[in-house]
Every structure is written in structure tokens, then in C-alpha cells.
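Everything on this sheet refers to the single structure shown next.
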Number of protein chains: 2
Amino acid sequence: MTDKQSGETLTRNQTLVLEALSAAETAMTAYALLDVLRDSGLRAPPQVYRALERLRALGLVHRIESLNAFVACCHPDHDHAPATIFAICEDCGTVSEIENEAIAGRLETVAGEADFKLSRSAIELKGQCGDCTAK
Amino acid sequence: MTDKQSGETLTRNQTLVLEALSAAETAMTAYALLDVLRDSGLRAPPQVYRALERLRALGLVHRIESLNAFVACCHPDHDHAPATIFAICEDCGTVSEIENEAIAGRLETVAGEADFKLSRSAIELKGQCGDCTAK
DNA sequence: ATAACGGATGTTATATCATAACGCGATGCG
DNA sequence: CGCATCGCGTTATGATATAACATCCGTTAT
Ligand SMILES: [Zn+2]
Ligand SMILES: [Zn+2]
Ligand SMILES: [Zn+2]
Ligand SMILES: [Zn+2]
């Protein structure tokens, strides 16, 4: 176990993708990332998708299912609750990550009542963020 | 106002798509629907997507974001809670629709606390259904 | 009646999102 | 060395979704 790349350190491509995502205001599609990173040497979709896959496994990036797009985790340091909630502004596109134990627990209960063995969940809210409501 | 197609009745294509979806055990993609309905006269994706769009507006069909696929609503008669939950079995693919007022309310609260004006939400649970757990 | 309109439809082409499959080069290990 | 593993680059293709345009057909206004 030489730790060449066995768990912690990010490769060049992974770092590029994570930095691009972190710098973005909104969720980005894989192709948007590719466009942005073309000058940094990325040339083809698999390079981006592979980096995203790894970053997701590390919990540094989340996929927003309803947008087919990706965001950097806003608190990669601590572990996630079993149910993370994403609030997506339909006006400006910003995505906020919300943790809520109560809802996570309630979802577990509801799943149990339906005789469903829950492994993971995606909760995506659409609406208007505070900034856009104020406008 | 002859009610030619002004709100209630479904057109031929819409009926075909809804029937195919209702008959399906699992969620179906638009292209799967197209394959199934080719013998009934559907020839191109826009015909399916247009029918799906209308059926969704009528509340007869739901889109499962994490699958890029669609299901027939299992209780099209009564109105939906603001937050419908879909439990998706990763073994057999069945999708169950769950209504839960408590979670819907809780989501409203959480959104409010985050200063987010909620318009609609997608909650998708992945795991194992009762039948598959029993196996 | 007939012209104008709106809505559903059919069709072609294209945009957008995602992965399969192959080969290469560096690294670690027997 | 001989071999396995891993990241990487590249090409090609698959899967999902929509733009754009032409047509048809009942309704409605003139
Ligand atoms: Zn996170
Ligand atoms: Zn906003
Ligand atoms: Zn429903
Ligand atoms: Zn199952």
C-alpha cells in the first residue's frame, strides 16, 4: 500500500475538476466543465466523468439529478447526513446544500413503513433563493 | 369552447403513452415507450415527449429524475401532496409512490429557514423493495 | 362559404449527456 | 525482469432530449 493514489490525494485531473466546480456559482454539467478546462489540457468527456466519479466517491462532489449536473460539496470536511437536501434556485441557478437530521430520520421511518430498505436518497427542491426573491 | 382538446380529454398519442406506462412494472424511458408504441404508429421521439409533457401537466405521469424515466401516477384521482416521494428498488426497478404530509411540511419549514421559496420538490429513495428483501 | 386561427401531429435534424473499448506509460512488487 | 494496477488519453458510440418546420383539421370571424 504505497498510497500512490490509493485514497487520499487527488490526481491532476481530479484537482482541476474540483477547482472548477468550487469556483462555479452554479451546478455545472460535465461538458461545461470540459469547456472550461480545455485550456488546462482536458480534451474528452471520459476525462471529466472519471474525475467526477472519483470526487463523488470521496464525497467532494454531488450530482444534481434533476439537472444532470454537479456541484462541489460545501463542507467536505465533516461526514454527510444520510439525506442531503439541495435547494436549487430556478432564477439564478445557485444550489445550496442543506443538512437536516429530522427529515433524514423521517425518511427512514417512511421507507420502513413502506417495507423499503433505504440505501440512499436524493432530495432536490426547486424554487427561488433569498437573493432572487428580494429582487 | 367545444372542448376539442381544451383540458380534459386525452389525445390518441397521450392515451397510448399513458396506457403503456400504466401497464409497465417499472419506470420507462421515453425511448423505451417509443419502442413499445412503434406498432401503434408512433415514429419519433417528439411524439412521445409531447405526450409525456401533457400527461405530467395533468398529474397523470411523474418523471423520475434519477432515472431519466417516467411512471404513471398510481392515484391520479386525488390531488398530490406538495412533496411526493418515490421509492425505487435497485434490484427489480419497481417504483412506489409515497405521500407523506409530515415530510412535506418539514421540507417547507427547512426551505423557509434557508430563506428559500419552495415551488416543487423531487424526493427519490434508492434501496430494496420488500419483495426483493425477502428473496 | 371561406379565410384565418390554434392546436395536435408528423418528420427531420440536431443538441446534450454519458460510457464502452482500446492502447499507453508510470509505478509497485514478486 | 515479468506482471499487475492504475491513471491517462483517444476514438467511437450510445442514450436522452429538443429545435424547427410542414401539415392537417376543427373552430371561429368575416
Ligand atoms: Zn456535501
Ligand atoms: Zn436565485
Ligand atoms: Zn402521483
Ligand atoms: Zn425490488
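Lettering of chains follows the sequences in order, A, B, ..., and the numbering in each one begins at 1.
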Exercise. Please report, rounded to the nearest Å, how far the P atom of D/dC8 is from the CG atom of A/Leu52.
Key: 13 Å

Quiz item: Does a side-chain N-to-carboxylate-O contact under 4.0 Å join B/Glu90 and A/Lys117?
Solution: no

Practice problem: Scan A/Ala44 against the nucleic acid and name what it touches under 4.0 Å (heavy atoms): base, sugar-phosphate only, or nothing. | Solution: base

Practice problem: Establish, with yes or no, whether the OP1 or OP2 oxygen of D/dC8 is under 4.0 angstrom from a side-chain nitrogen or oxygen of A/Gln47. | Solution: no

Quiz prompt | Centroid-centroid distance, A/Phe70 to A/His62, less than 6.0 Å | solution = no

Practice problem: Check whether any side-chain N or O of A/Arg63 sits under 4.0 Å from OP1 or OP2 of C/dA18, and answer yes or no. | Solution: yes

Exercise. Remember a base hit wins even if backbone is also touched, and classify A/Arg50 as base, sugar-phosphate or nothing at under 4.0 Å, heavy atoms.
Key: base

Self-check item: Spacing of B/Arg43 atom CZ relative to C/dT12 atom P, expressed in whole Å
Solution: 8 Å

Quiz item: Between D/dT18, D/dG7, C/dT19, which nucleotide gets closest to the side-chain atoms of A/Pro45?
Solution: C/dT19

Exercise. Consider only side-chain N and O atoms of A/Asn68 and A/Arg63, and report whether a donor and an acceptor are under 3.5 Å apart.
Key: yes

Quiz item: Are any of B/Asn68's side-chain N or O atoms less than 4.0 Å away from OP1 or OP2 of D/dA17?
Solution: yes

Quiz item: Once you round it to whole Å, what is the distance between P of D/dG7 and CG of A/Leu55?
Solution: 12 Å

Quiz item: Which whole-number value in Å describes the distance from B/Leu16 CG to C/dT9 C1'?
Solution: 13 Å

Quiz prompt | Residue met sooner reading DNA chain C from 5', once B/Asn13 and A/Pro46 are mapped to nucleotides | solution = B/Asn13

Self-check item: Rounded distance (Å) that lies between atom P of C/dG7 and atom CZ of B/Arg12
Solution: 22 Å

Quiz item: Relative to the ring of B/His75, is the ring of B/His80 parallel (under 30°), tilted (30 to 60°) or perpendicular (over 60°)?
Solution: tilted

Quiz item: Rounded to whole angstrom units, what separation is found between the CG atom of B/Leu37 and the C1' atom of C/dG10?
Solution: 15 Å

Practice problem: Write down the distance between CZ (A/Arg38) and P (D/dG9), rounded to a whole number of angstrom. | Solution: 13 Å

Quiz item: For B/Tyr49 and D/dT18, is the shortest distance between a side-chain N/O and OP1 or OP2 below 4.0 Å?
Solution: no

Exercise. Grab the CD-P distance between B/Gln14 and C/dG7 for me, whole Å please.
Key: 14 Å

Quiz prompt | N or O in side chain of A/Thr29 less than 4.0 angstrom from C/dT16 OP1/OP2 | solution = no

Quiz item: Just checking, is any N or O donor in the side chain of A/Asn100 or B/Arg106 under 3.5 Å from an acceptor N or O on the other one?
Solution: no

Exercise. Compare the ring of A/Tyr31 with the six-membered ring in the base of C/dT16 and state whether they stack (centres under 5.5 Å, planes under 30°).
Key: no

